[in-house]
Amino acid sequence: MSESEHRHGDDGAESRDDGAKPTDGYCSCCRVCDCYRDAPEPDEKPDERREESNRAEHEAAHDHGDHVDHSDHEDMFRRRFFVCLVLSVPVLYYSPMLQDWFGFTAVTFPGSEFVGPVLGVVVFAYGGIPFLRMGAVEARNREPGMMLLISLAITVAFVYSVAAAAFDVGEPFFWELVTLIVIFLLGHWIEMRSVRRASGALDELAELLPETAERITEAGDTEAVPIDDLEADDLVLVRPGSNVPADGVVEEGESNVTEAMITGESAPVKKAPGDEVIGGTTNRDGSLRVRVAATGEETTLSGIMRLVEEAQESRSRTQVLADRAAGWLFYAALGVAAVTAVAWTVAVGFGLPVVERVVTVLVIACPHALGLAVPLVVAINTSMAARNGMLVRDRIAMEQARNLDTVVFDKTGTLTEGEQGVVEIAATDDWDEGDVLTLAAAVEGDSEHMIAQAIREEAAERGLSVPDVREFEALEGRGVRATIERDATPAVIGTDAGGSDGADPSDRDGHTASVGGPNLLRHLEIDPGADLERFADAAGERGDGVVYVLCDESVVGAVALADVIRDESVEAIDALHGMGVEVAMLTGDDADVAHSVADELGIDTVFAEVLPEDKDEKIVELQDRGHLVGMVGDGVNDAPALTRSDVGIAIGSGTDVAVESADVVLVENDPRDVASLVRLSKKSYRKMQENIVWAAGYNVFALPLAAGILAPVGLLLSPAVGAVLMSASTVIVAVNAQLLRRAELSV
């Protein structure tokens, strides 16, 4: 848990738009642990310096990295539960009411009549004080909730019992008091244990990194150093069975690496020289020498932890609604308790029965289950998503994913492998294939686009000598352009090739070469010629992409490239269709290529030849038709569309800009995870609904019974029975939330 989870406001006076309850800088459970011991009492008004000091002490007490480990709170509630449970047994044994009910007589000794009152006071002081502290904070912040209701219930029971024992004004019920406290402690212990387990994703991720690394020195020896001392370009040895200490590139060795906790991919991944490895993954069977590329906050694992932490801090609409419902229930409980007190006082006079009714109403109304209903599901949801390679940055978007009716995929690198290969080259009459490919490879020399990489690789395989260029320029959405250096271009440039100016063959300096798709030709208003048009049409029918090569402003050839459709894409689209979600594809490729891919995958809508600046307009177009749109992309050009969509989904292997623009990040480049995301959203929301209905419905049903509406027929709920029912509701909600872990997400 991050620092911001403990800071919802400066002093509780500031409200938030997301409906979160203001606090004074601590989460509610922190008010009962030792780190809160010196915090100001509810009636104090701490100055800024003292408040900052308390916060600093709190953060230091929980210094487990960037988030807080609440296992100490779980231990505290468990310890107090067992102590109070042991102390409550004698109280129950010496209770006159229970002796009468069960027909036994307790062993007496001098002072045995004080066993119940004395131990009852001890249980109240030791077991009840955590709830009193948290209730006082809710009262001070004017944000009533379950802790204030618990505080009212046990305080009323305690005060009346002490008064009854001291002044003999009625039958004290210390046994009900200790039972209430024991059950409340049990419920809160179960809650803290469940939340701690559900929020363990960050701890598990943090444990993936080893404490030390074996750095290889210039002399070739190895030295053990803390991973914090590693720097970029360090060479480290990763032995079989050990974890990779930082992101890097394999320089020597081959091995299988398990990346399951990072990418969700269970099968080991083969690594060889030149392959990237991720810090925190496990090397299996071979030694690797890895050149460190990123350390500290720049590593993939740190980025994942940061995204998971952001997700845990964000709040969903359903969670906000549950919090508000708990506040409304407080006022409803006070109203019902007041009516109950008046009605029973009028009917039987003020006494023990009236107090019992009021206490029972307050116990039944305790929104323990309601307060746990949504947060626990959300925590489990976030943890499951992270384990399956889905990082949720915005919980509201995650909640919206269940309602998506249209998912738009960027084509290249998402539905396809994104690894282009040259399959055919066409040249005009005065050029040959080698000259066209050489010119194209020269222009594409400074481009990182996958088409450029494919062209360069093909030129290298053919052993072509690629000239240098200057004045490289990327033509956004159209292609690239550069000027060829002197004495580096094919001699044919100087001839009348495809409409060139017939310059002197010896004057090769300054010719401009361009490479681009149909948008480039349209922009320049150039006709490629009948032969190249036929070449492009044939390539389009096969689903291949075509880029044209120009010298100055004359088309001299064309290159056909193929992008293999991912096998996972078919499964992903079938799964989305099975959930009633339409699939659209967005691409800058020409229409023939786009429709060829769409027909093979069964895509419903195709947006082809779309310029980068127009991608988000296509999202708006779908939204204007009434669709709730999810966008899946991986590039800088996709960032506006990711932001514009209702749910932006970035491929984790994509650019930082795309990742930062998205609501959900898919660590593994697998389109099937989109279907898994929608499925998890649907199942999580269903669990939230089930929990809220159970928690709220329980109160609606039980409050009238607690008030004594069925008293005329002899049915009354005692405070102890009310506490049992309340805790049973909490346990049911917790167990129901845990069942989400069994959900099948894979496609």
Side-chain angles (χ1 to χ4, degrees), residues 91-92 95-102 116 120 124 128 131 135 144-146 148-165 168-184 187 325-370 693-730 732:
V91 178
L92 297 175
S95 168
M97 186 177 297
L98 292 184
Q99 293 181 49
D100 182 58
W101 285 358
F102 294 101
F124 176 79
F131 304 107
M146 64 177 174
L148 192 53
L149 283 175
I150 293 175
S151 299
L152 285 175
I154 63 177
T155 300
V156 169
F158 173 74
V159 170
Y160 179 80
S161 296
V162 170
D168 196 23
V169 295
E171 184 67 33
F173 44 98
F174 283 106
W175 75 271
E176 284 112 328
L177 171 65
V178 298
T179 304
L180 283 172
I181 293 174
V182 167
I183 293 177
F184 282 136
W328 297 335
L329 185 58
F330 169 78
Y331 295 108
L334 289 184
V336 174
V339 171
T340 300
V342 171
W344 277 81
T345 300
V346 171
V348 301
F350 182 78
L352 179 61
V354 176
V355 175
E356 283 186 338
R357 290 305 96 218
V358 172
V359 171
T360 305
V361 166
L362 293 173
V363 170
I364 289 290
C366 174
H368 222 175
L370 188 61
V693 168
W694 172 261
Y698 151 81
N699 284 284
V700 171
F701 172 78
L703 272 177
L705 293 180
I709 193 173
L710 296 182
V713 297
L715 180 58
L716 285 174
L717 293 181
S718 71
V721 174
V724 171
L725 292 177
M726 181 280 302
S727 293
S729 175
T730 301
I732 290 173

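In this text the structure is predicted, and so the values were computed from the model without any measurement. Just the heavy atoms: all of them, side chains too, but no hydrogens, waters or symmetry mates, feed the values below.
Listed here is the closest heavy atom pair of Ala341 and Val358: CB-CG2, 3.7 Å. Taking every heavy atom of both residues into account, Leu705 and Arg357 meet most closely at O-NH1, 4.3 Å. Across Trp344 and Ala707, no two heavy atoms sit closer than the pair NE1-O, 2.8 Å. Contact detail for Gly135 and Ser151: the closest heavy-atom pair is CA-OG, 3.6 Å. Annotation for Phe174 and Val162: closest pair CZ-N, 3.8 Å, computed over non-hydrogen atoms. The shortest non-hydrogen separation linking Ile709 to Pro712 is O-CD, 3.6 Å.
Residues Thr179 and Leu92 form a side-chain contact, since some pair of their non-hydrogen atoms from C-beta on lies under 4.5 Å apart.
Panel note: side chain Trp175, backbone Gly116; no donor-acceptor pair is recorded below 3.5 Å.
Within 6.0 Å of CG on Leu710 lie more than 12 heavy atoms contributed by other residues, nucleotides or ligands.
With rounding to the nearest 0.5 Å, the separation of CD1 in Ile154 from CZ in Phe131 is 7.0 Å.
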